[in-house]
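Excluded from the calculations below are hydrogen atoms, water molecules and symmetry mates; all remaining heavy atoms, backbone and side chain alike, are included. Since the model is a prediction, treat every value here as computed from it, not as a measurement. Atoms within a ligand are numbered from 1 in the order they appear, just like the ligands themselves. Along the sequence shown, residues are numbered consecutively beginning with 1.
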Amino acid sequence: MWPYPRVIAHRGGGTLAPENTLAAVRCGIDHGYRAIEFDVMLARDKVPVVIHDQDLGKRLGGKGMVDDYDAADLALMDVGSWAGPGFAGEPIPYFADFAAFCKTQGVWMNIEIKPARWQARATGRAVASLAARMFADELRGADRSRLPLLSSFKKSALQAAREVAPELPRGLLFRKTAKLPSNWEARAHQVGASAVHLHHQTLDEQGARAIKAAGFGLFCYTVNDPGRARTLLEWGVDAFCTDRIDLIGPDFA
Ligand code: G3P
Ligand code: MG
């Protein structure tokens, strides 16, 4: 069973705000969302920050790589201007601050561990230990629905997270492929995943039914068409993230 929200704002506010920023979370909240996905990477000083691309030039117009800088340097960078003048000055958030803000606002988190080069295990450890500290009370309680779901394409990151905080739920992300890999279940078991996270075009109805019959949660990224979202839910998909929080509301069914 899937105790978490069904519709999740990708990177905080989808395409309506600069990805992975507090402005994006506020934007998601303004659209009624109380569930987000976001990406976490380590800065040079091993402090986790919220960002998607390792290469700062790729989208943000910066220079170098995330792990060329300490977190305090990254926190001075403007990652909002590219999304519009109204977002100018929006910084790269510290993961600790970002997660605390979400928790305070009652926003459920799918935390994608997105390691920079050679940092998979260290990133998994850092994310899991901070999340476990932040959710210590919930981890002692019976209600698991507020716990963040850790996900990653990197099995070693999830394995490291499991070593640090075995009780935090994990989802294994699979890259987009033409069809579901035949070894999906073995791969998910290797990291003790309770959920399988697939590109929605990888999935067909048979695959969806098999994953659900095997007892896993089933999450799809990134679904921007309401018709497709409806089909996925009919196949038994538990949840999906979307960039189109303006088209697909948090109560979409
Ligand atoms: O976690 C789902 C999705 O965010 C995975 O891909 O590249 O958007 O982080 P990406
Ligand atoms: Mg992501």
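- Salt bridge present: Lys103 and Glu138 bring a charged side-chain N and a carboxylate O closer than 4.0 Å.
- Among Arg175, Glu37, Lys176, Arg11, the residue whose heavy atom lies closest to atom 4 (O) of ligand 1 is Glu37.
- Note on Arg209 versus Glu205: salt bridge recorded, some NZ/NE/NH1/NH2 to OD/OE distance being below 4.0 Å.
- Ionic pairing of Asp70 and Arg44 is present here: one or more N-O contacts between side-chain nitrogen and carboxylate oxygen are shorter than 4.0 angstrom.
- Between Asp68 and Arg117, at least one side-chain N (NZ, or NE/NH1/NH2) sits under 4.0 Å from a carboxylate O, which counts as a salt bridge.
- Excluding waters, the set of protein N/O/S atoms under 2.8 Å from the Mg ion (ligand 2) reads Glu37 OE2, Asp39 OD1, Glu112 OE1.
- Under the 4.0 Å criterion applied to side-chain N and carboxylate O atoms, Glu163 and Arg121 are assigned as salt-bridge partners.
- For a threshold of 3.5 Å applied to N or O pairs, the pair formed by Thr222 and ligand 1 contains no separation below that value.
- In this structure, Lys114 has a heavy atom closer than 4.0 Å to ligand 1.
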Hey, mind stepping through His52 and Asp39 against side chain to side chain donor-acceptor pair (under 3.5 Å) and telling me if it holds? CA-CA 5 Å; His52 182 271; Asp39 309 285; 4.6 Å; no
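- Of the protein's heavy atoms, His52 NE2, 2.7 Å lies nearest to atom 7 (O) of ligand 1.
- Residue contacts with ligand 1: Ser151 is placed with no nitrogen or oxygen under 3.5 Å of a nitrogen or oxygen of the ligand (distance criterion only).
- Every residue two or more places apart in sequence or in another chain that forms a side chain to side chain contact (heavy atoms under 4.5 Å, CB included) with Asp55 is listed here: Lys58, Met65.
- No hydrogens or angles considered: nothing links the side chains of Thr222 and Asp243 as a donor-acceptor pair under 3.5 Å.
- Salt-bridge formation is not detected for the pair Arg6/Asp251: no Lys NZ or Arg NE/NH1/NH2 atom is positioned less than 4.0 Å from an Asp or Glu carboxylate oxygen.
- Near His10, the atoms of ligand 1 lying under 4.0 angstrom from a non-hydrogen atom of the residue are 3 (C), 4 (O), 8 (O).
- Residue contacts with ligand 1, taken as heavy atom pairs separated by less than 4.0 Å, do not involve His197 at all.
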